[in-house]
Colleague: 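One structure coming up, written as C-alpha cells, with questions to follow.
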Amino acid sequence: MSVRIFEVGPRDGLQNESKNLSIDARFEFIKRLVEAGHSDIEIGAFVSPKWIPQMEGSLSLIKKVLAAYIDGPRFWALVPNAKGFEDSLESGIKNIAVFTAASETFNLKNINTSIDGSFERFNEFLPQAKKAKMRIRGYVSTCFGCPYEGKVEERAVLKVAERLLKLGVHEISIGDTIGVANPKQVNALVKKLLKLVGPKKLALHFHDTRGLALTNIYESLEQGVNMFDSSAGGLGGCPYAPGAAGNVATDDLVYMLREMKIKTGIDLDRQVGASKFIQSEVDRELPSRFLKSRP
Ligand code: HMG
Ligand code: MG
C-alpha cells in the first residue's frame, strides 16, 4: 500500500509565519524537500501581497525552482483569480490550485467574495488552464467547522466539492482549516466524499490545532483515502483563520506511515533535514513531535 503526501510547507506553512523569508531561503527549503523525495510540493501563491506578504516574490521563486528542476516533482501554486492565473502562466508552473470554502464568512474574510463569487472567478480562467493542460487542484476550506460560523453542514461541503468536480478539477483537498475535526465526524464525511469524488481524486488537509490530525488521518486511511496534505515540521496555519495552528507535520505523518509499512517515497532522515533547516530559518521551535525526538 502507498500514500501520496502533498507537501504544503513552502505555501501553507510559510504564509502564516511572522518572519518573511528571502527567496534564497524559500528556494533552499524547496530543494531539501525535493531531495527528501516528495512527489508534490506547493511552492507559492499568486495572491495579493497586501493580503499575504509572506508569499510575495512567488513569481521569481517559482521561475527559479522550475529552471533548477526540469524533471522534478509536481510543483504547485495557489491561484485565486484571473490576475493570479496570468502570473502562473508567466511562471511556467503546470499545476495550480484554486481555493474556496464551505462557509460564506470564511470565504469573505479569506478572498473577499462569496462562494458563488469564487466560482465566477474560477470560470474566468479555468477553461484556459485546461487548454494549457495544467493540472488543477480545488481546495475546500472549513469542511469540519468555521472560525466565524461554527458548525458546517456536510451538505455544504458536498455541494462545493460537486461544483469543483463539475469544473473539471483533477483533485479535491478537503480542509480542516482550524483543526476541529474528530474521527467520528471524519468517518461520516469521508464516506460520502469517497462516493462523490472517488479515492483517486480525494485529499484530506488537516491542521493540527487540537492534536487530532494524525488520528483523523488514520480514520481517513481506514476508509480508503490515500492522499494527505502536510507541512514540514508542522509549519504554518492560515492568516484568515484565527487560532489555526500548522498543518499536520510531514515528519510525524511519514513516521507513522513508515511504521505501518505504508510507502510514501519520502526519506525520513532527509525530511527531518528539511524541517530543521526551515525551523532555523523561521527561528521558532516547530511542533512536530518526531522532529523533537531527533535533536
Ligand atoms: P480583492 O481586494 O478583492 O481584489 O482581493 P481586487 O480584484 O479588488 O483587487 C484589489 C487589488 O489587489 C488590486 O491592486 C489588484 O491588482 C490586486 P491595487 O489596484 O489595489 O494596487 N490583486 C492582486 N495582486 C496580486 N495577485 C493577485 C491579485 N488579485 C488582485 N492574484 C484576492 C482578492 C483574492 C486577491 C485577495 O483576497 C487575496 O489575495 N487573498 C489571499 C488569501 C490567501 O492567500 N489566503 C490563504 C490561502 S487559503 C488557505 O490557506 C486554506 C487552505 O490551506 C486549505 C485549508 O486549510 O482550509 C488552502
Ligand atoms: Mg491550510
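Order of listing sets the numbers, starting from 1, for every ligand and every atom in it. For reference, positions follow the sequence shown, starting with 1.
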Colleague: Should Thr142 be counted as touching ligand 1, given the test is an N or O pair under 3.5 Å?
Modeller: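 Not met; the criterion fails.
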Colleague: Going by an N to O cut-off under 4.0 Å, is there a salt bridge joining Arg289 and Asp208?
Modeller: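 A salt bridge is absent here (no side-chain N lies under 4.0 Å from a carboxylate O).
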Colleague: Between Gln15, Arg137, Lys109, which one has a non-hydrogen atom sitting closest to atom 47 (C) of ligand 1?
Modeller: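 The option holding the nearest heavy atom is Gln15.
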Colleague: Taking only heavy atoms of Ile52, which atoms of ligand 1 are found under 4.0 Å from at least one of them?
Modeller: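 It comes down to these atoms of ligand 1: 41 (C), 43 (C), 44 (O), 45 (N).
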Colleague: Does this structure show an ion pair linking Glu171 with Arg135, if we count only N-O contacts that are shorter than 4.0 Å?
Modeller: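 Between Arg135 and Glu171 there is a salt bridge, with a charged N closer than 4.0 Å to a carboxylate O.
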Colleague: Test your reading of the structure: does His207 have an N or O sitting under 3.5 Å from an N or O of ligand 1?
Modeller: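 Yes; the residue has a nitrogen or oxygen that sits under 3.5 Å from a nitrogen or oxygen of the ligand.
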Colleague: Using only N, O or S atoms, tell me which atom of Asp12 is closest to the Mg ion (ligand 2).
Modeller: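 Per the distance ranking, Asp12 contributes OD2 as its closest N/O/S atom to the Mg ion (ligand 2).
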Colleague: Among Ser231, Ser173, Ser141, which residue places a heavy atom closest to atom 55 (C) of ligand 1?
Modeller: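 The nearest heavy atom belongs to Ser141.
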Colleague: Would Glu90 and Lys63 count as a salt bridge (Lys or Arg N to Asp or Glu O under 4.0 Å) here? Give the steps.
Modeller: CA-CA 9 Å; Glu90 191 187 332; Lys63 282 184 175 171; 3.2 Å; yes
Colleague: Within the 4.0 Å heavy-atom shell around Gly84, which atoms of ligand 1 are there?
Modeller: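 Near Gly84, the atoms of ligand 1 are 31 (N).
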Colleague: Check Asp12 against ligand 1 and report side chain, backbone, both or neither, counting heavy atoms closer than 4.0 Å.
Modeller: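 For Asp12, only side-chain atoms sit under 4.0 Å from ligand 1.
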Colleague: At under 4.0 Å between heavy atoms, is it the side chain or the backbone of Arg121 that contacts ligand 1, or both, or neither?
Modeller: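 The part of Arg121 near ligand 1 is the side chain, not the backbone.
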Colleague: Thinking salt bridges, do Asp116 and Arg163 make one under a 4.0 Å N-O criterion?
Modeller: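 Arg163 and Asp116: salt-bridged.
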Colleague: So if I count the atoms of ligand 1 from 1 in the order they appear, which ones are less than 4.0 Å from some heavy atom of Asn110?
Modeller: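 By the 4.0 Å cutoff, the relevant atoms are 37 (O), 40 (N), 41 (C), 42 (C), 43 (C), 45 (N), 46 (C), 48 (S).
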Colleague: Between Asp24 and Lys64, is there a salt bridge with N-O shorter than 4.0 Å?
Modeller: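 Yes, this pair counts.
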Colleague: Tell me the angle that NE2 of His205 and NE2 of His207 form around the Mg ion (ligand 2), rounded to 10°.
Modeller: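 Once rounded, the angle between the two atoms at the Mg ion (ligand 2) is 90°.
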Colleague: Measure from atom 5 (O) of ligand 1 to every heavy atom in Phe206, Trp51, Phe106, Phe46 and give the option owning the shortest one.
Modeller: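 Nearest option to atom 5 (O) of ligand 1, by heavy atoms: Trp51.
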Colleague: Does either side chain, that of Ser58 or that of Arg11, offer a donor lying less than 3.5 Å from an acceptor on the other one?
Modeller: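 The answer is no; no qualifying pair exists.
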Colleague: Parallel, tilted or perpendicular: which one describes the rings of Tyr139 and His205, with boundaries at 30° and 60°?
Modeller: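 Rings of Tyr139 and His205: perpendicular, over 60°.
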Colleague: For Asn112, take its heavy atoms, then give the atoms of ligand 1 lying under 4.0 Å from any of them.
Modeller: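 So the answer, numbered in order with elements, is 1 (P), 2 (O), 3 (O).
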Colleague: Once you restrict to heavy atoms under 4.0 Å, what part of Leu78 touches ligand 1? Side chain, backbone, both or neither.
Modeller: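 Side chain only; the backbone of Leu78 stays clear of ligand 1.
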Colleague: Could you name the option among Val140, Val47, Asn81 that has the heavy atom nearest to atom 35 (C) of ligand 1?
Modeller: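 Result: the heavy atom closest to atom 35 (C) of ligand 1 is in Asn81.
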Colleague: Is it true that, when you exclude Tyr218 itself, more than 12 heavy atoms of the residues, nucleotides or ligands shown sit nearer than 6.0 Å to its OH?
Modeller: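 Count not over threshold, so no.
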Colleague: Between Lys50, Arg11, Met55, which one has a non-hydrogen atom sitting closest to atom 21 (O) of ligand 1?
Modeller: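 Nearest heavy atom to atom 21 (O) of ligand 1 lies in Lys50.
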Colleague: Just by distance, no angles: are the side chains of Ser231 and Asp12 close enough, under 3.5 Å, to form a donor-acceptor pair?
Modeller: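 The answer is no; no qualifying pair exists.
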Colleague: Determine the sole option in Val254, Val272, Thr250 for which the side-chain contact (heavy atoms from CB on, under 4.5 Å) test with Phe290 is passed.
Modeller: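 That would be Val272; it is the only one of Val254, Val272, Thr250 passing the side-chain contact (heavy atoms from CB on, under 4.5 Å) with Phe290.
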